[in-house]
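Because only heavy atoms are used, hydrogens play no part in the values below, and waters and symmetry mates are left out as well, while side chains stay in.
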Amino acid sequence: MSERSKKLAHHIRRAKEYQSTTVPDNHDDVLDKGFAFLKIDLEREFHNQISDVNHEPSCAGTFCCAFTDKGSRVFKPGQENRGLTIDFNPNERTAEIRGTELINFYYLIQVKLAKDETKCFYGGGRVNGELAPISHKLDSIVEEALFALLGIGP
């Protein structure tokens with residue numbers, strides 16, 4: 001199997017699981033479940049990319065991360081107070097990724113109700129305003145955040 005087919009299969013399985021348990025009449029349940037998936041997906045993507053980088057030759061220990069209920073962060077070893085913070089807001093159903101100190105990065109992701117009102121999707125953007133759908137782009141957002149942590153960016 002290719003990496004692309006593995007990624008696609010993950011989304012297909014998740015969509016099937018999600019559709020089988022969704023009750024179309026309760027929008028809050030749909031959005032709450034979507035927010036739970038957002039937390040899982042974002043944490044998994046950071047862990048996977050950090051693990052991949054740290055296993056590259058001469059790159060061991062480049063990044064660390066800590067995901068807890070009290071706060072989530074991604075940082076370089078020895079710089080725990082600098083780096084990226086990931087703030088999950090269950091009331092707004094958002095995840096806000098931002099750089100601390102000299103790290104220039106900001107991205108907001110929000111769980112939104114789809115037009116059919118039985119599913120949800122992720123909307124995202126660099127400002128708190130109109131958010132564009134990003135359902136299958138979490139990997140590129142996380143990658144861009146890690147580049148920003150290294151001081152590499154647009």
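In Asn104, the CG atom is not crowded: 12 or fewer heavy atoms of neighbouring residues, nucleotides or ligands sit closer than 6.0 Å.
Going from atom CZ of Phe46 over to atom CD of Glu143 covers 11.5 Å, rounded to the nearest 0.5 Å. The OG1 atom of Thr62 lies 11.5 Å from the NE2 atom of His55; values are rounded to the nearest 0.5 Å. Atom CG in Asp28 sits 14.5 Å away from atom NZ in Lys33 (nearest 0.5 Å).
Asp32 is linked by a side chain to side chain donor-acceptor pair (under 3.5 Å) to Arg93, counting only residues two or more places apart in sequence or in another chain. By the salt bridge (charged side-chain N to carboxylate O under 4.0 Å, His left out) test, Asp116 is found to be paired with Lys119, residues two or more places apart in sequence or in another chain being considered. Looking at residues two or more places apart in sequence or on another chain, you find a side-chain contact (heavy atoms from CB on, under 4.5 Å) between Ile40 and Arg44.
In terms of heavy atoms, Ile103 sits closest to Ala148 at CG2-O, 3.7 Å. Across all non-hydrogen atoms, the minimal contact from Tyr106 to Arg126 is CD2-O, 2.9 Å. Considering all non-hydrogen atoms of both residues, Cys59 and Val53 come closest at CB-O, 3.2 Å. The minimum heavy-atom distance linking Leu131 with Gly123 is given by the pair CB-C, 3.7 Å. Taking each heavy atom of Leu113 and Leu31 in turn, the nearest pair found is N-CD2, 3.6 Å.
Tyr122 places no side-chain N or O within donor-acceptor distance of the main-chain N or O of Ile109, the cut-off being under 3.5 Å.
Using a 4.5 Å heavy-atom threshold, the side chains of Phe67 and His47 count as touching.
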Checking Val142 against Leu42 for the side-chain contact (heavy atoms from CB on, under 4.5 Å) test, could you report, in this order, the C-alpha distance in whole Å, the side-chain angles of both residues, the deciding distance, and whether it holds?
CA-CA 8 Å; Val142 168; Leu42 202 52; 3.9 Å; yes
Which atom pairs, donor and acceptor, lie under 3.5 Å between side-chain atoms of residues 70-80 and protein residues at least two apart or in another chain?
from, atom 1, to, atom 2, distance (Å)
Arg73, NH1, Glu80, O, 3.1
Glu80, OE2, Gly78, N, 3.4

Show me the donor-acceptor pairs, under 3.5 Å and distance only, between side chains in residues 81-92 and residues at least two apart or in other chains.
from, atom 1, to, atom 2, distance (Å)
Asp87, OD2, Arg98, NH2, 2.2
Asn89, OD1, Asn91, N, 2.9
Asn89, OD1, Glu92, N, 3.0

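Residues Leu102 and Phe63 fall into different hydrophobic clusters, defined by Ile, Leu, Val, Met, Phe, Trp and Tyr side chains chained together at heavy-atom separations under 4.5 Å.
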